[in-house]
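Report on the structure given below.
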Amino acid sequence: MSSTVPHVTRPSTATRDKQRLLRRRHALVVVLTFLTGSADAIGFLSLGGAFSSVMTGNMVLLGLSAGRGEAELAVTSGCAIVSFIVGVLAGARLVGSAQPDDPVWPRRVTWALILELLVFVVFLIVWEVNLPHHDDHIDLALLLLSAAALGVQSSAIQRFGVPGLSSTYLTGTLTSLIAGVAARSPWGSLRPKAQVLLALITGAAVGALVALHLPVLAPALLIVPLVLVIAVSARMRG
C-alpha cells in the first residue's frame, strides 16, 4: 500500500513580488484618496462652496444655482468643472492609455503626479499670499488650480487599467462595497474598497479641521501626501 504526499504549489518569486507591488500600489492610491478628501473639504469650505474633485456634486450645484438664480455659485461650480476637464485632458495626454505589458506602476503615472505636484506648489504660493486678504477672485483661481490638479490625478489612476479603481470618483466604489456585503463576499475582497472610502472621509475631516482652524497649513494636506506617493512610486519596479 503506497501513500503519496500531496503536492503543494507555492507561488513563484515573481508572483509574490507582483502581489507585493499590487498591495503597495493600493496603499498609494489610498494616500491619494486622502488627499482628494482634503482638497474637497478645503474647496467647499474656503474656496467658494464647490468641490475640487466631485464633479457630480458640482453639476448638481450648477443646476441648483440656475434654478435659484445664484450667479456666483454657477460661476464657481461651472469653472471647477471646466478646470477639472482641462486637468483630465492634460493628464490623459501625459499618461496615455493602459497597455497589456504595463508594469504595476507605469512611469508615466509618476510623471503625471509630478505635474499635479507642480500645480499644487502654485496653489501653495497663491494660498499663502491670499490668506491675509481672502479675495474672492483669488479663491476662485485656487479652486480652479485644485480641480485641475485632481483632474490630472484622476487620469493618472486610469492608466492602471483597473476597473473601479479611482482616487477621485468613489460612488461606484461605495456601490460595489455594499453589493459585496449583501452578497457576503470575503472580507479580503471588500477591504480595499473600504480602505479607499475611509481615506476619503478621513481626508475630508482633517481637511475641514485644518481649513477652519489652521488654514496656513491647508496646502500641506495636498502636497505632503503627493510627495510621499511620488517618492515611493519612483522606487517601484515591475
Side-chain angles (χ1 to χ4, degrees), residues 2-38 53 87-88 90-117 149-203 222-238:
S2 63
S3 61
T4 58
V5 177
H7 177 69
V8 178
T9 303
R10 296 185 178 181
S12 66
T13 301
T15 300
R16 291 197 300 271
D17 287 345
K18 184 172 183 179
Q19 291 172 344
R20 175 178 55 81
L21 290 172
L22 288 171
R23 289 193 297 270
R24 183 175 298 177
R25 182 178 73 183
H26 176 72
L28 295 182
V29 172
V30 169
V31 173
L32 291 174
T33 308
F34 174 90
L35 181 163
T36 298
S38 297
S53 78
V88 170
R93 288 295 301 270
L94 180 57
V95 300
S97 57
Q99 302 298 320
D101 59 345
D102 271 346
V104 171
W105 190 285
R107 283 285 169 261
R108 285 181 176 268
V109 174
T110 301
W111 298 350
L113 296 181
I114 292 172
L115 174 59
E116 180 185 3
L117 176 61
L150 290 175
V152 172
Q153 179 180 304
S154 185
S155 289
I157 301 304
Q158 287 296 296
R159 175 59 196 263
F160 295 138
V162 179
L165 182 64
S166 176
S167 64
T168 53
Y169 47 97
L170 299 170
T171 303
T173 304
L174 176 61
T175 302
S176 178
L177 174 63
I178 301 305
V181 170
R184 298 183 179 180
S185 299
W187 172 242
S189 66
L190 301 178
R191 183 173 55 241
K193 301 178 180 66
Q195 289 171 339
V196 168
L197 294 171
L198 182 60
L200 181 73
I201 295 169
T202 303
L222 312 178
I223 291 177
V224 172
L226 196 51
V227 169
L228 173 64
V229 171
I230 291 170
V232 174
S233 66
R235 294 184 167 190
M236 291 179 66
R237 297 288 184 269

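This is a predicted model, so every value here is computed, not measured. Any value given below was found using the heavy atoms of this structure, including those in side chains, with hydrogens, waters and symmetry copies removed.
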I'd like to check the side-chain contact (heavy atoms from CB on, under 4.5 Å) partners of V162; sequence neighbours left out, ordered by chain and number. R25, F160, L165
Under 3.5 Å, which donor-acceptor pairs link side chains of residues 179-193 to any protein atom two or more places apart or in another chain?
unit_1, atom_1, unit_2, atom_2, d
S185, OG, G180, O, 3.3
S189, OG, P186, O, 2.7
K193, NZ, S189, O, 3.3

Atom OG1 of T168 and atom CG of L170: how far apart are they, to the nearest 0.5 Å? 7.0 Å
With sequence neighbours left out, the residues meeting side-chain contact (heavy atoms from CB on, under 4.5 Å) with L94 are W111, A112, L115
Once rounded to the nearest 0.5 Å, what's the spacing between atom CG of L197 and atom OG1 of T202? 10.5 Å
Pairwise salt bridge (Lys or Arg N to Asp or Glu O under 4.0 Å) hits with a residue in residues 170-182, at least two apart: none
Going by side-chain contact (heavy atoms from CB on, under 4.5 Å), name the residues that satisfy it together with I178, two or more places apart in sequence or in a different chain. L174
Working to the nearest 0.5 angstrom, can you tell me the gap between I230 CD1 and L117 CG? 4.5 Å
By side-chain hydrogen bond (donor to acceptor under 3.5 Å, both in side chains), T110 pairs with (sequence neighbours left out) W105, S233
Could you give the distance from OH (Y169) to CG (L200), rounded to the nearest 0.5 Å? 14.0 Å
Hey, what do you get for CZ (F34) to CD1 (I201), rounding to the nearest 0.5 Å? 12.5 Å
Side chains of V229 and E116 in contact at under 4.5 Å (non-hydrogen atoms): no
Taking C-beta and beyond as the side chain, do V31 and L226 meet within less than 4.5 Å on heavy atoms? no
Hey, what do you get for CZ (R24) to CG (L21), rounding to the nearest 0.5 Å? 6.5 Å
Indicate yes or no for a side-chain donor-acceptor contact from T33 to the backbone of V29 under 3.5 Å, with no hydrogens or angles considered. yes
List the residues meeting side-chain hydrogen bond (donor to acceptor under 3.5 Å, both in side chains) with S53, not counting sequence neighbours, and say none if there are none. D40
My understanding is that only residues two or more places apart in sequence, or in another chain, count here; which of them pass salt bridge (Lys or Arg N to Asp or Glu O under 4.0 Å) with R159? D102
With a 4.5 Å limit on heavy-atom distance, are the side chains of T13 and D17 in contact? yes
Residues two or more places apart in sequence or in another chain: which of them pass side-chain hydrogen bond (donor to acceptor under 3.5 Å, both in side chains) with Q153? T36, S167
Contacts of V30 meeting side-chain contact (heavy atoms from CB on, under 4.5 Å) (sequence neighbours excluded), chain-then-number -> H26, Q195, V196, A199
For S97, check side-chain hydrogen bond (donor to acceptor under 3.5 Å, both in side chains) against everything at least two apart and list the hits. Q99
